[in-house]
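I have placed the structure first, in the form of structure tokens, so that the comments after it can refer back to it.
Counting starts at 1 for both ligands and their atoms, in listed order. All residue numbers refer to positions in the sequence shown, counting from 1. As the structure is a computational prediction, the values presented were derived from the model and not from experiment.
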Amino acid sequence: MCKTSVLSVSAAKAPFKKSTIERRQLRPDDVSIDIKFSGICHSDIHSAHGDWAGGIFPMVPGHEITGIVKAVGERVTKFTVGDRVGVGCYVDSCGKCEYCLRGEEQYCAKGYVATYNSLDYEGNPTYGGYSQNIVVKESFVVHIPDGMELDVASPLLCAGITTYSPLKRWNAGPGKRVAILGMGGLGHVAIQFAHAMGAEVTVLSRAKNKENEALRFGADHYFSTLDPETFNALAGRFDLILNTVSASIDVDLYLSLLRVDGTLVNVGAPAEPSQYHVFSLILSRRSIAGSLVGGLPETQEMLDFAAEHGIAPQIEVIRAEQVDEAYERILHSDVRYRFVIDISTL
Ligand code: NAP
Ligand code: ZN
Ligand code: ZN
């Protein structure tokens, strides 16, 4: 066992405090990582605030982890000491079910082990990236491409793969009209991926002052969701809407923006159930879908694609003592566009 410093919350909505936890002894297939940066995902807030059922406290959030390999177990083959690596939203899965075998470990039939706020298969709580060190099975660690800074890379481990995976699956590409709903941490990366994949990209946002940045990220059009005219102007237009909003949306209203056979894919994960009228689907053979992060092979593919296409999250690096303030700012959509904790300040 090895002690490591962390930022933790003792209960839902409690402030962050510095404390220590024990990381497990290195197993033969484990990698020990000195964490350099940890992005703040809105899911960290949902979890630490107890929005979703089943919070395990004390909690150390963080699943956008980048760092340097400090030690490797004797059977590790993919990594050596000093490698630049990343860890995303989960750290174990059964490895045997049909989903694990095809590299979609996030849908593991046994249930994956999340990077934090989860129990591992021995029943021990997992603790995430707001921490100086983490020990992870090598098959759940990815390489950060050369030339990509570790702070900039960290949001790709969740925001990146969560948007890349559904954009690819629903064929965002040349000739496709894709709308990105919500321009926060996920949304601003989604714009870049959809553009790089060759789609015509429209951003739908409440904000009045994000248009120039949206166009810089590769959007072709920008519309305000607070202007009722938007919904008349864009009726029946999109092949795909990727919903990244952290709160409930008016599903029927957004379905009306899809063409025949269009799909509304939800990655935003508000706690409340949503409602829609079946006629919104029936009359234009539309679909509603959801998507959870992405598998390990696809995560490596996404990082390599990002490096190749110059895709980079726009980040604001903060110190450990600023995390509570950062959570408040995210809740007020006052972030451009991802906070990343500099773990050396912990
Ligand atoms: P974020 O940075 O806070 O961005 C969310 C955006 O949603 C905001 O920037 C805002 O965009 C819009 N928004 C927020 N509140 C709204 C409201 N009341 N009404 C309308 N729009 C609102 O959050 P994030 O880190 O991108 O995460 C977004 C959601 O995805 C969260 O629910 C998170 O838990 C979920 N998530 C899911 C997965 C998955 O695997 N499915 C993975 C990661 C995160 P505008 O200001 O542009 O309107
Ligand atoms: Zn996340
Ligand atoms: Zn499995």
Side-chain angles (χ1 to χ4, degrees), residues 38-49 51-52 61-65 88-90 92-117 121 128-129 139 154-166 180-191 203-211 213-214 219 222-226 242-250 253-254 265-272 289-296 299 313-316 326-339:
S38 193
I40 299 181
C41 175
H42 205 118
S43 300
D44 299 353
I45 303 180
H46 289 308
S47 305
H49 284 186
D51 293 350
W52 298 332
H63 59 208
E64 293 185 338
I65 299 168
C89 298
Y90 50 95
D92 209 358
S93 70
C94 85
K96 298 182 192 121
C97 72
E98 60 175 308
Y99 309 110
C100 285
L101 290 177
R102 67 174 190 227
E104 295 197 310
E105 302 89 346
Q106 75 276 31
Y107 302 121
C108 174
K110 181 174 175 182
Y112 65 85
V113 175
T115 305
Y116 68 87
N117 193 27
Y121 292 148
S139 44
S154 90
L156 295 175
L157 275 308
C158 175
I161 185 62
T162 300
T163 53
Y164 177 88
S165 181
I180 306 300
L181 175 55
M183 188 172 153
L186 267 56
H188 91 289
V189 181
I191 300 167
V203 172
L204 304 173
S205 166
R206 295 166 308 171
K208 293 207 165 63
N209 53 0
K210 292 182 184 169
E211 180 166 0
E213 282 165 332
Y222 183 96
F223 286 86
S224 166
T225 55
L226 298 180
L242 186 65
N243 171 24
T244 75
V245 172
S246 50
S248 295
I249 59 163
D250 182 337
L253 191 58
Y254 287 99
V265 179
N266 294 288
V267 289
E272 315 77 45
S291 183
L292 177 66
V293 289
L296 262 304
T299 302
Q314 183 174 317
I315 59 169
E316 183 174 337
Y327 273 33
E328 277 311 307
R329 285 184 53 193
I330 292 168
L331 288 171
H332 291 95
S333 296
D334 175 23
V335 50
R336 297 289 190 277
Y337 283 89
R338 201 56 140 187
F339 291 114

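The nearest heavy-atom contact from the protein to atom 10 (C) of ligand 1 is Arg206 NH2, 3.3 Å. Given atom 37 (C) of ligand 1, the protein heavy atom at minimum distance is Val267 O, 2.8 Å. Among protein heavy atoms, atom 44 (C) of ligand 1 sits closest to Ser43 OG, 3.2 Å. The nearest heavy-atom contact from the protein to atom 43 (C) of ligand 1 is Cys158 SG, 3.3 Å. The nearest protein atom to atom 23 (O) of ligand 1, hydrogens excluded, is given as His42 CB, 3.1 Å; this is a heavy-atom distance.
Between the CE atom of Met183 and the CD1 atom of Ile191 there is a distance of 4.5 Å, given to the nearest 0.5 Å. Considering CD1 of Ile45 and CD1 of Ile330, their distance stands at 4.0 Å, rounded to 0.5 Å.
At a cut-off of 2.8 Å, measuring from the Zn ion (ligand 2), the protein N, O or S atoms that fall short of it are Cys41 SG, His63 NE2, Cys158 SG, waters left aside.
Inter-residue side-chain proximity for Pro313 and Leu156 is flagged as met; some heavy-atom pair is nearer than 4.5 Å.
Taking the six-membered ring where the residue is Trp, His188 and Tyr337 present parallel rings, their angle staying beneath 30° rather than reaching 60°.
Per-residue contacts place Ile330 under 4.0 angstrom from the following atoms of ligand 1 (heavy atoms of the residue considered): 3 (O). Every atom of ligand 1 with a heavy atom of Leu292 under 4.0 Å away is listed here by number and element: 40 (O). Contact atoms of ligand 1 toward Ala247: 17 (C), 18 (N) (distance under 4.0 Å to a heavy atom of the residue).
Remark: at the Zn ion (ligand 3), atom SG from Cys94 and atom SG from Cys108 enclose 100°, rounded to the nearest 10 degrees.
Assignment of Gln106 to the shell around ligand 1 is not supported, since no heavy atom sits closer than 4.0 Å. For the ligand labelled ligand 1, residue Trp52 lies inside the 4.0 Å heavy-atom shell.
A cation-pi arrangement is present between Lys110 and Tyr121, with the terminal nitrogen or guanidinium carbon under 6.0 Å from the aromatic centre and inside a 45° cone about the axis.
Both the backbone and the side chain of Met183 come within 4.0 Å of ligand 1, judged by heavy-atom distances.
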